[in-house]
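Structure, as structure tokens:
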Protein chains: 4
Amino acid sequence: MEDRLPGRPRDPETERRILDVALAELARDGYSRMTLDSVAAAAGVSKPTIYRRWSSKADLATAAIETLRLLEPKVDHGSTVGDLTGTVENFIRSLMRPNGMSLIGTVLAEEGHTPELLRLFRERLVAPRRQTLRTILEQAKKRGELRPDVSLDAAVAMLVGAVYARYLASSNVPPRFARDVVEIVWAGIRKL
Amino acid sequence: MEDRLPGRPRDPETERRILDVALAELARDGYSRMTLDSVAAAAGVSKPTIYRRWSSKADLATAAIETLRLLEPKVDHGSTVGDLTGTVENFIRSLMRPNGMSLIGTVLAEEGHTPELLRLFRERLVAPRRQTLRTILEQAKKRGELRPDVSLDAAVAMLVGAVYARYLASSNVPPRFARDVVEIVWAGIRKL
Amino acid sequence: MEDRLPGRPRDPETERRILDVALAELARDGYSRMTLDSVAAAAGVSKPTIYRRWSSKADLATAAIETLRLLEPKVDHGSTVGDLTGTVENFIRSLMRPNGMSLIGTVLAEEGHTPELLRLFRERLVAPRRQTLRTILEQAKKRGELRPDVSLDAAVAMLVGAVYARYLASSNVPPRFARDVVEIVWAGIRKL
Amino acid sequence: MEDRLPGRPRDPETERRILDVALAELARDGYSRMTLDSVAAAAGVSKPTIYRRWSSKADLATAAIETLRLLEPKVDHGSTVGDLTGTVENFIRSLMRPNGMSLIGTVLAEEGHTPELLRLFRERLVAPRRQTLRTILEQAKKRGELRPDVSLDAAVAMLVGAVYARYLASSNVPPRFARDVVEIVWAGIRKL
DNA sequence: CATGAATGAGCTTTCATTCAT
DNA sequence: AATGAATGAAAGCTCATTCAT
């Protein structure tokens with residue numbers, strides 16, 4: 001009669017909570033410091049409850065990263081420069097969230113041992129952000145605003161990468177950094 | 001003959017060997033996966049031999065990073081663009097060495113737990129490289145080649161950061177990447 | 001066939017299937033390696049379905065052994081030697097079935113922890129087999145074929161035990177082993 | 001100068017103690033119930049102390065069995081029957097030691113999972129005992145006491161196996177069992 | 001000084017058993 | 001009655017660190 005599945009149903013909250021905690025610990029402690037004991041404790045479940053859902057620590061970490069998604073406000077200032085600046089500012093804000101950079105760190109550090117982490121990170125976070133920027137640039141190009149020979153790939157890398165480099169230099173990015181960067185890029189790619 | 005101090009002298013070779021091995025394992029496995037057992041084994045010494053010199057694992061890792069030094073050929077092509085391109089190319093080469101990026105990853109990942117790693121990394125590697133680029137740009141500025149209002153800090157970050165971003169997107173940087181980046185930056189900062 | 005009593009579990013198939021699987025895993029993996037998870041999976045039921053019928057793992061294992069029954073063809077060659085040989089050969093065949101000896105092993109190994117296993121094993125398998133042999137010998141005795149003072153208990157133990165000992169020596173029993181054994185026993189007990 | 005090895009020397013007591021404890025737990029609990037935690041606790045050492053010497057649980061169990069050795073008094077009653085009886089009586093005594101039979105059980109039960117256990121058990125215990133009996137019989141044969149066609153392999157198996165079979169029937173072997181068995185075997189193999 | 005031995009604390013993973021639907 | 005979910009309690013193994021020679 002009922003379309004209820006047999007057996008005790010899973011609490012859908014639980015899954016979400018475990019993943020949230022896992023992601024937080026992954027970012028805070030790094031993959032190899034993160035322990036299932038502490039994930040379980042922080043999520044208020046037992047370890048087998050985790051193992052029922054994911055087959056291993058790597059699997060859990062992977063799933064946690066998989067939940068990441070670029071949920072940033074669409075930027076549309078009507079101008080290419082405004083859009084680029086808004087996007088880079090969003091990016092800075094997300095990197096500046098607690099442990100935002102550590103997550104990237106652990107994902108890179110684990111490339112040799114748990115490569116899925118980096119793969120998923122690229123797929124879920126890096127690629128979408130690059131795509132956002134690339135789309136802005138491609139539309140500018142279509143409108144004839146850009147020099148035709150310029151490398152959009154390089155331009156995108158510079159916009160994003162400047163933030164990484166700045167962080168690596170000092171863990172702190174000044175407010176006008178986005179504008180400074182976009183200004184140089186824009187001057188470097190626009191048609192004169 | 002020799003004015004040797006009393007007691008058995010430390011072998012300076014040993015010290016060097018331990019640090020080399022430690023740095024290699026740090027880059028390959030990351031800080032928390034690196035084990036003193038395997039460092040000791042690979043260096044051909046016992047663990048107390050390590051502990052006699054450095055007080056803890058963190059201390060050893062820190063010392064290993066401290067040995068890093070920017071040992072890159074000075075670039076002097078006589079032109080600003082040539083110098084910038086040469087420097088970025090050097091940088092790419094050093095990042096592309098095995099586990100070059102993993103080391104950065106682990107240093108970032110450990111920011112919350114072993115912040116000396118990042119501090120030293122900045123001091124020994126990041127800062128010198130930035131300084132090299134900055135000097136090139138400052139001299140160009142002195143020669144009146146640059147727009148006066150441009151942010152050199154942003155320009156440096158872009159030159160270096162583009163490579164990080166590119167690697168994070170695909171672990172592989174195409175040969176002409178350095179030229180593409182420098183071209184945009186140059187067009188973006190030079191006086192018209 | 002079965003005269004179903006009232007209050008019996010609904011699906012007798014299920015019960016049978018669980019017991020079969022349990023017995024197979026018991027023989028293959030031994031008692032303490034056998035897991036209810038895998039019994040449940042192999043039987044196509046859930047664990048509570050097992051617990052509803054048997055109160056514990058030990059209870060299930062016990063019940064599984066309880067299903068064992070000496071189902072060997074009656075041997076009747078008309079001669080004492082022929083009957084003994086046939087019986088020992090049957091025994092060898094059953095021990096040589098996959099994991100035949102492991103089951104005995106686990107039952108012995110668990111004597112200190114789960115003694116019911118050994119008790120039931122004796123009752124269901126050991127005793128009937130001994131009885132078969134003893135009956136053959138008692139009839140021979142009645143017919144006056146045996147020396148009167150001979151220990152039938154020892155004779156039975158030797159016939160059966162030779163096979164255990166041989167297996168323990170090499171996991172493999174040569175074809176003529178049964179005949180060799182019976183020959184010695186017979187020469188040792190018959191009236192001259 | 002000194003022929004002392006470098007480093008802290010191992011306490012030779014420790015090794016012995018660990019193996020003794022391991023063997024006792026192996027016999028008492030069986031291989032898969034035996035835990036390194038409890039071996040370590042009972043031996044008064046930490047787990048790494050065990051792992052320094054043996055690479056795994058299986059390795060330790062194997063080593064424990066390897067220490068077993070037939071240390072039974074040589075039997076020499078001057079007569080074949082006396083020697084056989086003495087040997088079987090020794091065997092019974094050793095099986096009747098606490099958990100004597102459980103050890104055999106676990107070794108058999110583990111045949112499919114940890115076959116080294118059975119292999120070593122055969123090599124260290126089963127084979128020597130068989131050899132003792134076989135030598136007695138071969139000398140009797142040399143002296144012309146035996147029927148020439150009789151299978152010594154079967155005779156040996158019967159002498160040993162009768163005890164297994166008796167134990168499997170009732171965990172208890174009556175005092176005159178050895179004599180009963182030897183009597184039948186002897187009557188069965190001697191030259192008339 | 002250098003070595004091999006020892007250890008406490010943890011890590012990932014598994015299992016018999018019980019709960020909630 | 002049957003299911004899938006949940007759990008406490010290990011188990012095997014490893015690691016940074018210290019001890020004893």
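Nearest heavy atom pair, residue Asp11(D) against residue Arg53(D), reads O-NH2, 4.3 Å. Nearest heavy atoms, Gly105(A) versus Ala109(B): C-CB, 3.8 Å. Of all non-hydrogen atoms in Trp54(A) and Leu60(A), the two that sit nearest each other are CE3-CD1, 3.6 Å. Residues Ala22(B) and Met34(B) come closest through the heavy atom pair O-SD, 3.9 Å.
At a threshold of 4.5 Å between non-hydrogen side-chain atoms, the residues Phe121(B) and Leu117(B) do not count as touching.
Comparing Val45(C) and Asp11(A) by the nucleotide of DNA chain F whose heavy atom lies nearest to each, the residue mapping closer to the 5' end is Val45(C). Mapping Arg10(D) and Pro48(A) onto DNA chain E by nearest heavy atom places Arg10(D) closer to the 5' end of the strand.
Scanning atom types as modelled, one donor and one acceptor separated by under 3.5 angstrom connect the side chain of Lys47(C) and the base of dT17(E).
In this structure, Lys57(C) forms no cation-pi arrangement with Tyr51(C), as its terminal cationic atom is not both closer than 6.0 Å to the ring centre and no more than 45° off the ring axis.
Residues satisfying the side chain to side chain contact (heavy atoms under 4.5 Å, CB included) criterion with Arg28(A), sequence neighbours excluded, are Glu25(A), Asn99(A). Residues satisfying the side chain to side chain contact (heavy atoms under 4.5 Å, CB included) test with Ala43(D), not counting sequence neighbours, are Ile18(D), Val21(D), Val45(D).
Of the residues in residues 19-44 of chain C, those lying under 4.0 Å from DNA chain E by heavy-atom distance are Met34(C), Thr35(C), Leu36(C). Only Tyr51(A), Ser56(A), Lys57(A), listed by number, bring a heavy atom of residues 50-58 of chain A to less than 4.0 angstrom from any atom of DNA chain E.
Rounded to whole angstrom, the span from the CD1 atom of Ile18(C) across to the P atom of dA1(F) amounts to 14 Å. Atom CD of Glu13(D) is separated from atom C1' of dA6(E) by 17 Å (rounded to the nearest Å).
Checked by atom type, the side-chain pair Arg122(C)/Ser171(D) shows a donor-acceptor distance below 3.5 Å. There is no side-chain donor-acceptor pair under 3.5 Å between Glu110(C) and Thr106(D).
Look at Thr14(A) and you won't find any side-chain N or O under 4.0 angstrom from OP1 or OP2 of dA5(F). Remark: Thr49(A) is in phosphate contact with dT7(F), judged by side-chain N or O atoms under 4.0 Å from OP1 or OP2.
Applying the salt bridge (charged side-chain N to carboxylate O under 4.0 Å, His left out) definition to pairs two or more places apart or across chains, those involving residues 34-50 of chain B are Asp37(B)-Lys47(B).
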Parsed dot-bracket for DNA chain E after applying the Watson-Crick and G-U rules with both distances under 3.5 Å and | for other-strand partners is .||||||||||||||||||||
